[in-house]
**Student:** 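Have a look at this one.
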Amino acid sequence: MIGKLHSWGMKSSHMYSAGIASIGLAFASWAASNRLEAAGVERADRWGIFIGEWAPTFFAIGVALRLEESHDQAAMEASGQRGRAEERVGAAQSTMR
């Protein structure tokens, strides 16, 4: 699942932003429910908790995407070093001839 999100262009920063936004949204939904509904504080608490539970999920997906990004970066660096080494070997072989 994380690989698919990564291939679609989803970045860890997107998930971290969604986690932070869900914390703000949890507070806003609690405040709105507390003011606008006559159901009382218990219902407002349920709304705040429900939306607040999304934040850890978004942060966990962000961490997993960060790992995918670091694997991609390491692979690119390794292939870049491999390419430079092959160029040096090719240059050395051409000077030996």
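All values below come from the heavy atoms of this structure, side chains included, with hydrogens, waters and symmetry mates left out.
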**Student:** Do you know the tightest heavy-atom contact between Ser33 and Ala44?
**Tutor:** OG-CA, 3.4 Å
**Student:** Distance from Leu5 atom CG to Met15 atom CE, nearest 0.5 Å?
**Tutor:** 6.5 Å
**Student:** Quick check: does any side chain N or O of Ser79 sit under 3.5 Å from a backbone N or O of Met76, one acting as donor and the other as acceptor?
**Tutor:** yes
**Student:** List for me each residue that meets side-chain hydrogen bond (donor to acceptor under 3.5 Å, both in side chains) alongside Trp47, sequence neighbours excluded, and say none if there are none.
**Tutor:** none
**Student:** Run the side-chain contact (heavy atoms from CB on, under 4.5 Å) test against Ala55 and tell me which residues pass, sequence neighbours left out.
**Tutor:** Ser22, Ile23, Phe59
**Student:** Who are the salt bridge (Lys or Arg N to Asp or Glu O under 4.0 Å) partners of Arg66, not counting sequence neighbours?
**Tutor:** Glu69
**Student:** If we check side-chain contact (heavy atoms from CB on, under 4.5 Å) with Ser12, which of these qualifies: Leu67, Leu65, Ile61?
**Tutor:** Leu65
**Student:** Just grab all the ring-ring contact (aromatic ring centres under 6.0 Å, His included) pairs involving residues 1-24, residues at least two apart or on different chains.
**Tutor:** none
**Student:** Test of understanding: with side-chain contact (heavy atoms from CB on, under 4.5 Å), list the residues that count as partners of Leu25, not counting sequence neighbours.
**Tutor:** Ile51, Trp54
**Student:** Taking all atoms of both residues into account, what is the closest heavy-atom pair of Ser29 and Ala26, and its distance?
**Tutor:** OG-O, 3.0 Å
**Student:** For Phe27, check ring-ring contact (aromatic ring centres under 6.0 Å, His included) against everything at least two apart and list the hits.
**Tutor:** none
